[in-house]
Amino acid sequence: MAEAILQVRNLKKYFKTNSGMLHAVDDISFDVREGKTLGIVGESGCGKSTAGRTILRLLEHTSGQVIFDGVDITKLSGNKLRKVRKDMQIIFQDPFSSLDPKKTISQTISEPIRVNRILTDKKQVEERVLELMKTVGLAERLINSYPHELDGGRRQRIGIARALAVLPKLIVCDEPVSALDVSIQAQILNLLKELQNKMNLTYIFITHDLSVVNHFSDDIAVMYLGSIVEKAPAEELFNNPLHPYTRALLSAIPVPDLRHKRERISLKGEVVSPINLPDECRFANRCFECEARCRRGIPPLLEVSPDHFVACVHHTPPEAAGRAAGEALA
Amino acid sequence: MTKVRTVLAILLCMSIMLGVLGCSPSSTNETDVPTDAQPTDAEVEQEEEQATDDADAEVESETPDASGEYKDRIIIGVANDITTLDPQGSNTDANMMAFTLTHETLVEVDPETNEIIPGMAKEWTMSDDGLEFTFAIPENVAFSDGTPCTANDIKFTFDRAKDSSFTKAKVELVTEVEVIDDTHAKVVISKPSQDFLMLLAHQSMSILSEDLVNDDEFGYQIGTGPYAVEEWTPGDQISFVKSEHFYGEEPPTQKIVFRLIKEESSRLIALQTGEIEVCIDPLTTDLTYIEEDEDLELVKIPNFVMLYLAINNEREGLDDVNVRKAIAHATDKASMIEIGYNGEGFVHDHWINRDQFGWYDDLQPYEYDIEKAKEALANSAYEPGDLSFRVIYNDTAKENMALILKEDLAKIGIELELIKLETAALKGILNDAALDYDFCLYQFTDNLGTDYTLRNQYGSFEQDGKLVKNGSNRANMKDAEFNRMIDEALVELDVEKREAMYNDIEVYLNEIVPIIPIATSYINVGIKEGLGGVRWNGTAKHDYRYVFLEQ
Amino acid sequence: MEKDLKKMPTPAASSTESASLSTTQARLVSKTFKKRSTWASVWRQLRKNKGAIAGLVLLIIIIGVALAAPIIFDYNTDIIQNNIRERRQPPSADHWFGTDEMGRDIFARVCYGARYSLAVGVVAVLFALVFGVTFGAAAGYIGGAFENIMMRLCDILSSIPSVLMAIAVVSALGKSTLNLMIAVGVASTAPFIRVARAAVLTVRNEEYIEAARAIAVPEWKIVVTHILPNSLSPIIVQATLRVGSAIISAAQLSFLGLGVPAPAPEWGSMLSAGRIFIRDHSYMTLFPGLAIMVTVLSLNLIGDGLRDALDPRLKS
Amino acid sequence: MGDHTAKLILDVKNLVVRYETEDGIVHAINGIDLQLGYRETLGLVGETGAGKTTAALAMLRLVPDPPGVVECERLTIDGRDILNMPSAKMDDVRGKDISMVFQDPMTALNPVFTVGEQIAESLQIHEHLDKRDAMKRAREMLELVGIPGSRAGDYPHEFSGGMKQRVVIAIALACNPKLLIADEPTTALDVTIQAQVLELMTTLKEKYDTSMIMITHDLGIVAEVCDVVAVMYAGHIVEQGTLEDVFNRTKHPYTEGLFNSLPNIYNRTAMLKPIKGLMSDPTDPPPGCPFEPRCEYALAECKTRNPDLVPAGPTHKVACLAYEQEGFHIKRRI
Amino acid sequence: MSRYIVERLLMLIPVLLSVAFIIFAIMNAAEGDPVYSVVSADATQEQIEAARIELGLDGTLIQRYFRYVGGMIKGDLGTSYVSKRDVMQTYMMRLPNTLKLAAASMVVALVISIPLGIIAAVNQNSIRDAVSMVLALLGLSMPNFWLGLLLILLFSLRLGWFPSAGYEDGLRSIILPAITNGTGLAAFMTRATRSSMLDVVRQDFLRTARAKGVTERKVIRKHALRNALIPIITVFGVQFSNVLGGSVLVETVFAWPGVGRLVVDAIEQRDIPTVTGALVMTTMLVTITNLLIDIVYAYVDPRIKSQYAKKGFKLWKRT
């Protein structure tokens with residue numbers, strides 16, 4: 001088992017809003033193994049993007065630790081932080097808003113090189129830009145094009161090239177393909193996979209698309225309303241989903257295959273806003289297996305089988321349940 | 001392309017419309033609109049004479065025809081707002097016109113003869129030493145709210161006048177006001193003054209009611225005149241209605257309104273469209289419209305205003321009398337009048353106002369002559385190109401005049417910078433102790449007697465062993481000899497001697513050129529045909545008490 | 001260098017774009033493929049707008065006249081020298097636009113006046129632009145209490161009618177061309193603060209700003225290289241439109257006698273001086289009036305055209 | 001064939017739509033034929049820019065003109081000729097005989113009217129109900145789509161995305177249309193909500209005997225709700241047939257590419273095989289088969305000749321020249 | 001909502017205090033001591049000092065400011081240096097005229113701009129669009145005092161249809177000033193209407209409406225216009241605020257005794273209490289107008305209404 005390059009411990013990110021505290025990320029912990037992909041999956045508003053940005057310190061965290069390469073980066077500032085930033089990059093969801101419309105491809109890709117003084121010579125920078133463009137599969141003739149002249153797939157490639165320019169170790173991919181058409185989506189997914197293999201990159205792959213995350217990730221964490229409700233290796237999660245939410249989610253995926261007719265679990269209601277939540281299981285309101293004990297405190301994320309973690313009272317080992325309930329009561 | 005064409009077409013239409021509106025002469029009077037609007041010099045002169053005659057004719061007060069029907073309400077379009085209803089609180093012409101309606105002064109000045117005539121006081125006596133005046137007022141004088149007016153109120157008025165900056169100078173000589181009985185008051189002055197009664201005729205010396213002023217914040221607005229203020233909307237209009245308590249002859253018009261229309265063109269148009277009956281100060285360029293309009297009449301009154309170039313006599317360069325003479329010779333007064341007043345005025349070369357006592361006919365004026373100006377400058381300590389000055393002023397007419405002066409001075413090698421200021425700012429600079437100005441185009445209006453004029457304009461007084469200029473002495477002239485001359489003339493009881501003394505003073509001033517007198521203009525008034533009863537006044541303080549308009 | 005650059009993989013088979021140039025040729029690549037600036041695309045949009053083109057042509061003519069005026073006319077003899085004998089002449093072959101009350105040629109003065117009116121308009125707007133954009137952008141970027149204070153200030157400024165504000169400022173500073181510019185500028189600062197702030201707020205939350213932060217671009221550089229260039233469009237539109245209204249404001253102040261001091265041939269002052277002759281000598285106001293109108297119209301046409309060209313709504 | 005028409009709710013013959021813009025002519029739809037029987041659900045599948053939405057708008061005669069130009073040989077709905085109908089009459093058909101559910105529920109509702117009013121408006125127009133009756137029916141419609149009728153007085157912003165889409169469906173179904181066109185009705189929704197909405201639509205469709213065109217890019221959705229499928233590419237229908245035909249007997253290389261681009265949740269290690277390249281510029285379509293530049297089976301002829309949609313089975317049609325070769329088949333493993 | 005209103009009104013206090021201060025500071029910096037507008041031209045130094053104290057012009061700017069504010073809190077805006085009248089009373093005399101002119105101008109502007117804007121937007125890039133916009137722009141490009149003079153020449157003098165000055169002739173007096181003022185304002189509002197309508201005509205919900213069978217005419221009038229109103233109302237509010245105090249030139253040309261003229265005259269005379277008082281009142285009116293506009297929003301757009309209800313008061317709107 002590869003070493004954990006990133007350890008997230010009890011990370012919280014709250015936003016102040018007019019109607020109260022918004023618990024965007026509420027006490028999540030996980031490890032990401034070097035050279036592997038952790039998929040974070042969840043519906044809109046579950047806090048998965050916020051989590052990604054908080055890990056990169058694009059947002060300031062409320063509490064918790066983010067240990068990258070053995071260093072708690074939440075405590076860094078100034079030059080040290082800038083150095084760490086080079087090792088951690090992000091690829092955004094919307095290829096339209098993630099590129100500065102006033103900058104050419106060359107300017108966009110060379111910016112990280114110039115800013116971080118990786119290369120200073122003009123010619124070297126240009127060569128490097130061309131190299132990166134080749135790496136992500138962009139034709140050289142596009143070097144002076146503007147984003148608006150390009151389609152979504154190409155733009156996403158620029159975003160990837162920009163992230164690669166600083167030679168990062170970890171890349172947070174925030175829904176990198178959800179804005180793309182199916183055929184382009186596959187191109188980008190393949191590209192990312194290939195880059196991972198060649199450069200030993202570590203990914204945190206954030207998405208709402210379960211089939212994509214299944215295809216792409218080694219481990220998967222399912223988020224619901226700011227918390228991780230289940231986390232397991234991909235294979236395990238899809239074959240043996242434990243949390244009711246995970247099960248419902250999996251059953252809801254429309255599968256383009258006429259041979260597998262599945263039982264659908266229909267969830268009632270919709271996700272509520274994560275503001276001033278009661279101290280109970282986040283999923284209790286919509287859960288088809290909800291019992292009275294679900295309303296007694298937030299169930300902790302516990303390891304129920306090797307590497308399979310779940311936060312549900314129905315799958316809590318008895319001793320752990322007692323502990324959790326005790327904590328809640330105390 | 002279509003869009004471009006649309007734009008152009010619209011622009012074209014607009015310009016045609018404007019052209020039609022503006023360029024073409026009024027369709028009713030096509031025949032006699034001159035396309036060449038340039039009068040020759042001869043024409044200008046002729047116009048001047050004509051105008052003077054007109055004015056003389058107008059000034060004769062018409063009396064209303066008892067049998068006629070009169071318009072109830074007469075609206076007078078004025079250019080300047082009434083700023084206060086306290087007679088002692090200001091000295092603007094606009095305000096004075098109002099006080100003429102609502103208040104009375106002890107004596108008045110006949111605008112035609114410039115002589116003192118009875119006001120509220122129907123008779124008065126002067127002691128032989130010229131220090132005591134006793135005024136008698138009728139028994140039935142009453143303020144417009146019904147309060148009777150007594151000699152007490154006269155005393156009160158004089159006492160109050162001492163506290164106001166506007167009236168203080170007028171009662172400076174007064175040492176005591178004694179109430180003899182209800183209808184008689186005696187005023188004692190410290191030294192004889194031939195002009196004292198003139199000062200009392202000024203509207204700011206209107207008699208106020210002691211009780212009313214003390215009782216009510218706005219008590220001063222009630223006077224003993226034939227009209228009372230009905231409603232005042234500052235910045236808009238003020239209306240007057242006949243006072244029930246007026247003791248004198250009943251005025252023919254029920255209601256008089258002063259309506260403020262600042263924009264000159266609008267004011268005249270309002271007269272033409274019948275919105276107002278009197279239009280004060282139409283634009284000189286618009287006078288033809290009045291003359292051409294059968295329903296209107298143009299009244300021209302020679303003004304008592306003297307426009308002059310104030311010279312700060314203590315400024316480096318300007319303290320040299322030859323420089324001042326050079327400037328005087330370089331001043332093209334005729335062109336200035338032509339430009340600034342559109343020719344509606346005449347050259348003024350004297351040191352006192354037109355028709356004032358002591359006017360010296362044989363005074364040798366400084367004619368416009370660039371060569372002589374150069375000569376004068378050559379006599380001075382300065383060379384052409386050495387001097388540069390700044391002139392301050394506050395309106396467009398003066399600006400245009402300053403432009404002419406700038407050109408002429410440039411010809412003799414003096415540079416002039418023009419600075420237009422707002423009135424308040426201009427006054428601020430003139431009145432500031434620092435006296436930070438070289439030239440100022442300014443004017444003074446008064447007919448309160450020759451002494452008042454000379455003393456104010458050129459006089460100074462001694463304080464702590466030094467001479468300090470009087471308030472309006474814009475020349476900053478401090479001349480002990482001149483002070484002595486006017487002091488002597490003031491107390492001289494012999495009329496002829498006194499006149500000769502004033503003539504000498506004119507000659508004296510002509511020699512030292514403290515300022516450069518430039519022009520006297522006309523006061524123009526457009527009125528509805530048939531309007532009469534107004535005593536037009538050369539100081540622009542017209543007397544509308546008996547105005548009427550036949551129906 | 002913490003990492004070896006050679007670790008970077010060579011072009012992969014999955015590359016979807018054909019890589020036709022060898023690395024030796026690469027040095028020239030960025031020059032081979034000329035970049036077309038975004039302004040070029042704006043220009044392409046603008047070119048379709050006939051109104052804007054008409055405005056542009058007019059404005060170029062006006063600017064040309066303004067530039068040529070001092071070459072053609074001598075300020076001292078042609079523009080400000082009085083010629084009383086020839087005053088108030090209607091348009092003729094000698095005086096195309098006639099002469100004014102000082103006998104000066106109105107055509108020459110209108111031509112020369114373009115310098116003043118344009119200068120007043122442009123400088124006033126530059127003033128407003130510099131202050132407005134600085135404070136507005138800072139407010140939008142910094143946020144918090146600073147933004148709050150700026151916006152309150154902005155509310156206060158804009159609750160005083162701009163003409164009155166300008167008049168008050170001119171009174172305070174005294175009459176001069178520069179002060180007129182400042183007064184008009186002060187009175188039109190608030191809209192720039194608003195526009196700049198709004199633009200920055202929009203841009204600030206774009207993902208590419210986050211991306212820049214992620215690649216460790218210093219904050220000040222983010223503001224200068226990413227936020228400002230992308231906030232410019234609405235500011236430019238606003239500026240173009242404001243130059244027009246600044247010219248009108250200046251003319252209004254001139255009408256009230258607070259404008260450019262005489263004898264400078266500013267259009268507003270000419271209009272103001274000529275207005276008393278409007279009944280018989282309307283050409284005195286007609287031409288300066290038309291000059292103002294055409295200039296303001298052309299600026300507005302361009303402004304509207306730019307707005308349409310820069311407005312993403314109207315694309316596609 | 002003529003008799004056949006009577007059994008069709010929708011019959012479109014040779015529909016062409018182009019947008020004449022200043023940047024050039026966008027060839028959005030290049031001659032498609034569509035036929036739909038009563039109570040059938042047609043899945044119209046394709047990627048962005050394939051012309052799916054334009055086709056739907058053309059059927060409602062809502063293609064904006066200018067710049068849109070619509071040409072068609074035949075367009076009938078429920079046997080009525082829509083093509084030559086005067087526009088005033090067309091207003092009676094829209095919302096009554098044929099209605100549409102749009103992609104983004106966030107923007108499809110007018111923010112300043114209550115949802116009740118918006119449902120009622122349709123009823124007032126077509127059923128000529130007075131306001132009160134219309135509101136009553138509107139509340140019933142809301143109940144029907146699973147929203148309490150008491151919320152009829154609420155404004156759209158007070159609803160969540162899924163609820164809004166239910167409201168849009170209620171509007172579309174208010175007058176009991178014969179044909180419902182749903183344009184990507186669930187794309188903007190989360191997966192669990194998507195499931196709810198799809199379920200609702202199928203239930204209501206059954207209940208009201210409505211025919212439906214489901215426009216989507218998601219083959220998973222097609223598999224769940226459609227009876228017949230038409231795959232669109234660059235303004236052409238490239239493959240058409242029953243669900244079984246298209247999914248299990250895939251013929252067209254593009255359809256194959258779509259399937260191969262999708263991650264398979266039952267086989268997570270399977271490599272994705274994307275279609276290379278991009279869809280061609282709609283202002284400058286290739287002269288031959290539109291898919292030729294991206295097609296791995298392309299023949300020389302494909303560059304010049306545009307294939308017709310030809311039968312490839314009793315219910316199955318495909319537009320691919322490769323099938324003119326004997327024994328050609330695509331590689332897709334089923 | 002009522003909480004929102006109360007809090008907005010409370011915010012008026014610091015705003016008014018700041019406005020008073022700004023005006024105080026500007027007027028203090030102005031050339032020309034206000035005392036000279038009060039004393040006679042030949043006043044002596046002592047008289048001037050006496051007048052200074054009488055007018056309350058002694059002490060530092062800050063002292064004077066606090067003195068003024070002390071009165072302001074009690075509703076006393078001071079006494080004019082020049083007319084010695086209560087400023088509030090003077091202002092109130094002018095206000096009805098200003099309101100009348102503002103209202104009439106806005107009516108003119110609305111009548112011109114809404115149809116023009118809609119025509120322009122619905123027929124974007126067509127001839128009708130171009131003509132509408134050029135018409136609107138012409139109104140904007142013409143200095144309004146010039147237009148006023150031309151209108152007087154034509155309609156008062158030549159045709160005699162309307163009076164040239166004053167306000168006593170009821171509707172007839174207000175027509176020319178309102179047209180002069182209104183045409184300038186119309187340009188802004190036509191622009192706003194057009195761009196706002198352009199925004200709305202692209203919205204999906206219009207497609208929904210059309211798909212329901214709503215006629216095109218009703219789509220524009222009912223569905224589009226109501227949504228387009230918000231930005232139009234904003235511009236309306238701004239313009240209305242502006243004419244509340246700023247139509248000085250029209251007031252001058254038509255001798256319309258409004259607030260703008262009052263302020264300008266007072267500035268000329270350095271009549272600080274009148275300037276400050278009138279501007280403080282104007283600011284208050286403008287703020288209240290803005291508040292009313294905000295309340296109108298709530299009625300036009302339910303989203304905003306619920307925002308008010310939810311958030312109560314927020315110092316500034318972030319969008």
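All chains are named by letter (A, B, ...) in the order of the sequence lines, taking the proteins before the strands, and each is independently numbered beginning at 1.
At a 4.5 Å heavy-atom cutoff, L56(A) makes no contact with chain C through either its backbone or its side chain. Proximity to chain C involves both the backbone and the side chain of D100(A), based on heavy atoms less than 4.5 angstrom apart. Heavy atoms of R57(A) lying under 4.5 Å from chain C are absent altogether. Proximity to chain C is limited to the backbone of M88(A), based on heavy atoms less than 4.5 angstrom apart.
Nearest approach of V115(A) to A216(C), heavy atoms of both residues: CG1-O, 3.4 Å. Of all heavy-atom pairs spanning S98(A) and Y208(C), the tightest one is O-CB, 3.1 Å.
Going from atom CG of L232(C) over to atom NZ of K102(A) covers 7.0 Å, rounded to the nearest 0.5 Å. To the nearest 0.5 Å, atom CG of residue N230(C) and atom NZ of residue K103(A) are 7.0 Å apart. Taking CD1 of I215(C) as the start and CD1 of I90(A) as the end, the distance is 12.0 Å to the nearest 0.5 Å. Separating the OG atom in S97(A) from the CD atom in E207(C) is a distance of 4.0 Å, to the nearest 0.5 Å. Taking NE2 of H226(C) as the start and OG1 of T108(A) as the end, the distance is 7.5 Å to the nearest 0.5 Å. Atom CG of L58(A) and atom CD1 of I209(C) lie 12.0 Å apart (nearest 0.5 Å).
The backbone N or O of A214(C) lies less than 3.5 Å from a partner atom in the side chain of Q89(A), making a donor-acceptor pair.
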